[in-house]
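Reckoned from all heavy atoms, side chains included, excluding hydrogens, waters and symmetry mates.
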Amino acid sequence: MMKMQIGMLAFLVALFAIESGFASPNTVPAFLWSPHLQRGGNGGMDEAVNYQVMSSKDLVDSVFTQGGWSNILCSEKKVEQPVVDVALVFIGRELVSSDVSSKRNSNPSLVNTLNGLFTSSNFSLAFPYIAAPEEERMESLLLSGLKQACPHNVGVSNIVFSDSCFVEDGTIQKLSDLQSFKDHLLARKETRKEGETDLVVLCSEGSESKGQSHSERESISELVSSVEQSGSKYTALYVSDPYWYTSYKTLQRFLAESGTGNSTVGVATGCDELCKFKSSLLEGILVGIVFLLILISGLCCMAGIDTPTRFETPQDS
């Protein structure tokens with residue numbers, strides 16, 4: 001009970017900090033938790049909130065250091081940490097820092113689910129302000145961080161990603177839907193050897209995706225429940241990465257419109273906020289150029305006027 005109260009306090013403190021106005025529109029939240037890890041006895045903190053605005057790469061480094069994932073996923077360090085069977089990673093597309101506590105443009109069901117998982121765990125870390133990655137996606141940063149944290153030997157026996165994740169490594173196994181993840185976890189429960197750890201990464205396709213059959217809340221709840229029912233020990237990370245998804249959808253729309261040529265069939269006729277901003281900007285530039293040409297023409301005309309500087313007095317005849 002005391003653990004849950006302290007975890008609830010840490011989660012509420014993180015929400016209060018976000019609601020107080022410190023969050024930038026370009027920051028996203030991240031939550032790390034585990035019901036099976038306890039680091040307080042080793043000089044670490046069981047519950048903590050990091051208020052620093054950090055880059056996505058720094059978040060990955062903190063997960064491996066403060067979160068103890070280097071001791072879980074690296075072969076040479078496994079003796080320093082209790083064995084965890086599964087390391088779950090949820091990469092969402094729906095939350096930004098301001099959405100966590102705001103009633104507007106937020107997902108209360110997802111926040112409540114994360115709150116319940118976070119506060120009921122023995123070990124938890126909250127990162128309210130993560131600068132969203134602009135050039136590299138979160139799943140790629142995670143793989144790079146894993147290789148840096150475990151330079152000698154990665155102690156992960158099995159790595160799986162969802163099809164919606166973008167990874168360049170062709171050797172990584174990919175699963176198509178939530179049910180395939182459940183079947184995979186059940187099969188690994190039977191074949192996993194003692195001391196081995198699996199890395200499971202599930203990337204949301206965003207609420208706007210037509211193929212998204214499960215919401216982020218449903219995916220997280222069902223996958224965590226599946227792991228708990230199998231009796232496997234786990235640690236989990238949730239981080240939001242909505243900005244690459246937004247730019248990707250914009251690119252998709254541009255390619256779709258370009259592919260139709262001069263035909264108007266299938267071309268979106270609506271104008272979103274980005275479209276309105278660009279149109280207003282172009283209109284302002286065009287009007288400014290017209291007024292600048294008028295001003296230059298007037299100045300040139302005035303400069304071309306040649307009048308005498310003085311007039312002689314006419315002589316009397």
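With S97 contributing its side chain and T27 its backbone, the two residues share a donor-acceptor pair below 3.5 Å. Remark: side-chain polar atoms of S240 are not paired, donor with acceptor, to backbone N or O of V28 under 3.5 angstrom. With hydrogens and angles ignored, the 3.5 Å screen pairs no side-chain donor or acceptor of N115 with any backbone N or O of V111. Between the S121 side chain and the S124 main chain, no donor and acceptor come within less than 3.5 Å of each other.
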What do the steps show when you test V201 against I91 for side-chain contact (heavy atoms from CB on, under 4.5 Å), and what is the final call? CA-CA 8 Å; V201 183; I91 301 179; 4.1 Å; yes

Kindly determine whether S55 and D58 satisfy side chain to side chain donor-acceptor pair (under 3.5 Å), including the steps that lead there. CA-CA 5 Å; S55 65; D58 292 336; 3.1 Å; yes

Mind running salt bridge (charged side-chain N to carboxylate O under 4.0 Å, His left out) on D198 and R188 for me, showing each step along the way? CA-CA 8 Å; D198 296 344; R188 285 295 300 166; 2.9 Å; yes

Start with the C-alpha gap between L73 and T197, add the side-chain angles, then the distance that decides, and say whether side-chain contact (heavy atoms from CB on, under 4.5 Å) holds. CA-CA 7 Å; L73 303 179; T197 302; 3.7 Å; yes

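Considering every non-hydrogen atom in both K174 and V167, the closest pair reads CE-CG2, 3.5 Å.
Environment of CD in Q173: crowded, with over 12 heavy atoms of neighbouring residues, nucleotides or ligands closer than 6.0 Å. Heavy atoms from other residues, nucleotides or ligands lying under 6.0 Å from NZ of K182 number more than 12.
Here the OG-CZ distance, from S204 to R217, works out to 13.0 Å after rounding to the nearest 0.5 Å. Note: S140 OG to F166 CZ = 6.5 Å, rounded to the nearest 0.5 Å. Interatomic distance, C165 SG to M138 CE, rounded to the nearest 0.5 Å: 11.5 Å.
W69 and F64 have perpendicular rings, their planes meeting at more than 60° on a 0 to 90° scale where under 30° would count as parallel. Under the 30°/60° scheme for interplanar angles, the aromatic rings of W33 and F90 are found to lie parallel.
Put simply, the residue from H184, R192, E196 that forms a side-chain hydrogen bond (donor to acceptor under 3.5 Å, both in side chains) with N158 is H184.
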